[in-house]
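Notes follow the structure.
No hydrogens, no waters, no symmetry mates; every other heavy atom, side chains included, goes into these values.
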Amino acid sequence: RTVAIAAPAIVALGVIGTALWHSRADSADPVVAVTTKPLTSLPGSESVPSFNPDGTQIAFQWTPEGEAGPNVYLQLVGQSGSRRQLTNDGAFHRAPAWSPDGRSIALWHGTQDAAVLCVVSPLGGPERHVTTWAGALGRLSWSPDGRWIATSAVYNSNRDTEGLVLISPADGTRIAWAGIDPQFTGTSEPIFSPDGRRLAYTRTLGDGTGQIYIINVGADGRPSGAPSRLPYKGDAPRHPVWTADGAEILLLQGS
């Protein structure tokens with residue numbers, strides 16, 4: 001079963017029923033009720049939502065009907081009339097991710113073929129370019145201490161060579177995990193745990209199937225120890241998200 005959260009509206013999910021994994025070893029994959037709260041309902045494509053640290057605002061990617069590409073918008077939770085466009089320079093902007101201190105939003109600027117990772121204030125103003133980028137424009141995840149932004153360069157065509165990358169927002173330093181260990185090729189959708197010590201991610205295989213793994217992350221941004229596969233019994237799990245206490249992972253199931 002697939003749990004859809006992207007379109008036509010961005011919603012906040014209380015619990016994703018068939019896609020809740022408990023970190024406790026004696027827990028089974030539960031089937032529980034799903035509760036949702038609509039946050040946006042706009043014509044076109046809305047996706048990649050990111051809450052600010054206190055949960056009062058949301059940044060998201062929106063491509064209005066009839067437009068060629070997305071831009072990033074901000075909205076107060078529960079106040080649809082408060083929506084405003086964060087970036088408005090004629091370029092495309094994708095995949096916003098709020099920093100842990102709430103002072104910055106990371107995003108992709110440009111096209112799929114020529115992109116720059118940027119950081120911008122949620123109040124607006126000039127973007128600060130962090131690094132140029134030639135890979136996929138995937139999800140961005142800040143470490144809780146703000147030292148790293150995790151992402152992935154994986155396309156379908158480069159899955160055998162590319163994987164997770166950690167980038168320093170301060171100076172653009174990159175740690176490409178696939179270059180450290182080939183078991184990280186084909187890895188994507190990274191998300192830091194609330195304590196910053198672990199990273200959950202998806203590894204997609206050549207046949208399109210995949211599994212979710214968890215690994216420790218060193219202070220140097222490199223993987224530490226061996227990854228452990230999430231003991232989830234559902235089909236095609238993807239898009240992991242940690243709960244606030246780090247005890248559980250929510251994910252999507254299905255294609």
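The two residues A178 and G163 have their closest heavy-atom pair at CB-N, 3.9 Å. Considering all non-hydrogen atoms of both residues, P100 and W142 come closest at CD-CB, 3.7 Å. Scanning all heavy atoms of the two residues, the minimum distance from Y201 to P190 falls at CB-CA, 4.2 Å. Here the closest non-hydrogen pair linking P169 and I149 is CB-CD1, 3.9 Å. Contact record, A150 with L166: CB-CD1, 3.9 Å, taken as the closest heavy-atom pair. Between E162 and A153, the shortest heavy-atom contact is OE1-CB, 3.9 Å.
When D195, I214, L250 are each tested for a side-chain contact (heavy atoms from CB on, under 4.5 Å) with W242, only one passes: I214.
R147 contributes a side-chain N or O that, together with a main-chain N or O of A219, makes up a donor-acceptor pair within less than 3.5 Å. Not a single donor-acceptor pair under 3.5 Å links the side chain of S168 to the backbone N or O of T173. Panel note: side chain S141, backbone F192; a donor-acceptor pair is recorded below 3.5 Å. Checking side-chain atoms of T243 against main-chain N and O of E248 turns up a donor-acceptor pair under 3.5 Å. Panel note: side chain Q61, backbone R94; no donor-acceptor pair is recorded below 3.5 Å. Proximity of a side-chain donor or acceptor of T40 to a complementary backbone N or O of L42 within less than 3.5 Å is not detected. Side chain of H129 to main chain of E127: no donor-acceptor pair is present (N/O by atom type, distance under 3.5 Å, no hydrogens or angles).
Put simply, the side chain of I249 does not reach to within 4.5 Å of the side chain of Y232, judged on heavy atoms. Residues P194 and D245 form no side-chain contact, since every pair of their non-hydrogen atoms from C-beta on lies 4.5 Å or further apart. Within the 4.5 Å cutoff, no side-chain heavy atoms of V120 are placed close to those of V72. The closest side-chain heavy-atom distance from D181 to P223 is not below 4.5 Å. A 4.5 Å side-chain heavy-atom check between W133 and I167 finds at least one atom pair inside the cut-off. Proximity of T151 to L117: side-chain heavy atoms (C-beta onward) are nowhere separated by under 4.5 Å. In this structure the side chain of P122 never reaches within 4.5 angstrom of the side chain of Q57, judged on heavy atoms.
Using a 4.5 Å cut-off between side-chain heavy atoms of Ile, Leu, Val, Met, Phe, Trp and Tyr, with links allowed through other members, V130 and I105 fall into different hydrophobic clusters. Using a 4.5 Å cut-off between side-chain heavy atoms of Ile, Leu, Val, Met, Phe, Trp and Tyr, with links allowed through other members, V217 and V241 fall into different hydrophobic clusters. W62 and L86 sit in two unconnected hydrophobic clusters of ILVMFWY residues. Membership requires side-chain heavy atoms under 4.5 Å apart, directly or through other members. A chain of hydrophobic side-chain contacts below 4.5 Å, direct or via other Ile, Leu, Val, Met, Phe, Trp or Tyr residues, connects W108 to V119. Linking Ile, Leu, Val, Met, Phe, Trp and Tyr whenever their side-chain heavy atoms come within less than 4.5 Å puts Y213 and I175 in one cluster.
Between the CZ atom in R203 and the CZ atom in R229 there is a gap of 11.0 Å [rounded to 0.5 Å]. To the nearest 0.5 Å, atoms CG (L252) and CD1 (I212) are separated by 8.5 Å. Rounding to the nearest 0.5 Å places CG of L164 at 9.0 Å from OG1 of T202. In this structure, CH2 on W177 lies 5.5 Å from CD1 on I215, to the nearest 0.5 angstrom. Going from atom CD of E65 over to atom OG of S45 covers 10.5 Å, rounded to the nearest 0.5 Å.
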What donor-acceptor contacts under 3.5 angstrom involve side-chain atoms of residues 75-83, with partners at least two apart or in another chain?
residue: Q75; atom: NE2; partner: L39; partner atom: O; Å: 2.7
residue: S82; atom: OG; partner: L76; partner atom: N; Å: 2.9
residue: S82; atom: OG; partner: Q79; partner atom: O; Å: 2.5

Audit row: R139, I191, side-chain contact (heavy atoms from CB on, under 4.5 Å) steps and yes/no: CA-CA 9 Å; R139 178 166 69 173; I191 186 78; 3.8 Å; yes

Intermediate values then yes/no, side-chain contact (heavy atoms from CB on, under 4.5 Å), S47 and F60: CA-CA 6 Å; S47 59; F60 61 98; over 6 Å; no

Worked check of side-chain contact (heavy atoms from CB on, under 4.5 Å) between W98 and L74: CA-CA 11 Å; W98 227 297; L74 304 182; 4.0 Å; yes

Working for side-chain contact (heavy atoms from CB on, under 4.5 Å), residues F92 and L137: CA-CA 11 Å; F92 297 160; L137 306 184; over 6 Å; no

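Heavy-atom neighbours of R103 CZ from other residues, nucleotides or ligands within 6.0 Å: at or below the threshold of 12. No more than 12 heavy-atom neighbours from other residues, nucleotides or ligands sit within 6.0 angstrom of CZ on R197.
Under 3.5 Å, the side chains of T87 and N71 contain a donor-acceptor pair of N or O atoms. Between the side chains of N158 and T161, no donor N or O sits under 3.5 Å from an acceptor N or O.
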